[in-house]
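Have a look at the structure below, then the notes.
Hydrogens, waters and symmetry mates play no part in the numbers below; they use all other heavy atoms, side chains included.
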There are 2 protein chains.
Amino acid sequence: MRELFHPTTDQFNLPTILYALGDPNRLQIIKNLSSQNETTCACCNVNLPKSALSHHFKVLREAGLIYVRLEGKQRYLSIRYKELEERFPGLLNVIIKSE
Amino acid sequence: MRELFHPTTDQFNLPTILYALGDPNRLQIIKNLSSQNETTCACCNVNLPKSALSHHFKVLREAGLIYVRLEGKQRYLSIRYKELEERFPGLLNVIIKSE
DNA sequence: GAAATAGTTCAATTGTTATTGAACTATTAA
DNA sequence: TTAATAGTTCAATAACAATTGAACTATTTC
């Protein structure tokens, strides 16, 4: 794997995004990421085996919620905040701030 | 069935709500409902057999997204706009307006 | 009270998704 | 070049969710 698929903003799809956020583990990941600029997979503070984390990161990435930057032996994760805001203004803020 | 369960606002749960909206059929139902004040199950403009519709309405109702009022032999559906707005301000507007 | 209407529930099926550990790949460090 | 590290992929399983038609319930109308 040398290049990771990231949808363009016009490929963003609302039900897909909501579905991705509809899982408690993934929602937690997004909330955790939102308080950090960029972080590695291991630093997400979600207590799951790495294969499970990998799965959830993939769902989030393919929905367009996170960007995964490859650097050395690590992957740095960040929320695609600007693009999401552009396409679905307000959505992410509501979600991150809730509760 | 004489009384339908509707969660109170403090029982609203974000992942549950997002999950409910993460299904294309249910998202369409919500979008359709948003342009009507109150409507019966049959008037949702979603082309599914009634048993499937009934299932989706239940998921939406139990998540707190819609209110179902029993009157005679019909059920009148409406979005719980005010309560949702109170608990997750902006969420529904983003969703309804998107695309 | 029989028929029509509006919707629910049931049971069966199908399809999808989450979860796991083990094996794997790629990169860096010793 | 070997070992360690960071994460992915695979295969198996288990759990859950969507979909359907048929049977059911409740209400209204004839």
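A:Arg80 has a carboxylate O that lies under 4.0 Å from a charged side-chain N of A:Glu83, or vice versa, which qualifies the two as a salt bridge.
Heavy-atom minimum distance, B:Arg87 versus B:Asp10: NH2-O, 3.9 Å.
In this structure, the side chain of A:Ser34 engages the main chain of A:Lys31 through a donor-acceptor pair within 3.5 Å.
Under the side chain to side chain donor-acceptor pair (under 3.5 Å) criterion, B:Glu86 pairs with no residue at all, not counting sequence neighbours. Listed by chain and number, the residues in a ring-ring contact (aromatic ring centres under 6.0 Å, His included) with B:Tyr67 are B:His6 (sequence neighbours excluded). Scanning for ring-ring contact (aromatic ring centres under 6.0 Å, His included) contacts around A:Phe12 gives an empty result, with sequence neighbours left out.
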Chi angles and distances behind the side-chain contact (heavy atoms from CB on, under 4.5 Å) call for B:Gln28, B:Asn32: CA-CA 6 Å; B:Gln28 194 55 58; B:Asn32 292 347; 3.0 Å; yes
Footprint string (nucleotides 2-7 of chain D, 5' to 3'): B base within contact, S backbone only, - free, heavy atoms under 4.0 Å: ---BSB
Nucleotide-resolved protein contact map, nucleotides 12-18 of chain D, B/S/- at heavy-atom distance under 4.0 Å: -----SS
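The interatomic distance linking A:Phe57 (CZ) with D:dT9 (P) rounds to 14 Å, in whole Å. The separation between A:Leu70 atom CG and C:dT28 atom C1' is 15 Å, rounded to whole Å. Between B:Leu18 atom CG and C:dT17 atom C1' there is a gap of 17 Å when expressed in whole angstrom units. Going from atom CG of A:Leu53 over to atom P of C:dT20 covers 10 Å, rounded to whole Å. A:Glu71 has its CD atom 14 Å from the C1' atom of C:dA26, to the nearest Å.
For the helix from C:dG1-D:dC30 to C:dA30-D:dT1, the terminal axes (five pairs an end, C1' atoms, rotation from four pairs onto the next four) enclose an angle of 20°, given to 10 degrees.
For the pair A:Arg75/A:Arg69, no side-chain contact is recorded, criterion being any heavy-atom separation below 4.5 Å from C-beta on. Contact annotation: the side chain of A:Ile66 never approaches that of A:Ser78 to less than 4.5 Å [non-hydrogen atoms, C-beta and beyond].
Put simply, B:Ile17 and A:Leu14 are part of the same group of oily side chains (I, L, V, M, F, W, Y) that touch within less than 4.5 Å, one to the next. Hydrophobic clustering (ILVMFWY, side-chain heavy atoms < 4.5 Å, transitive): B:Tyr81 and A:Leu91 are in one cluster.
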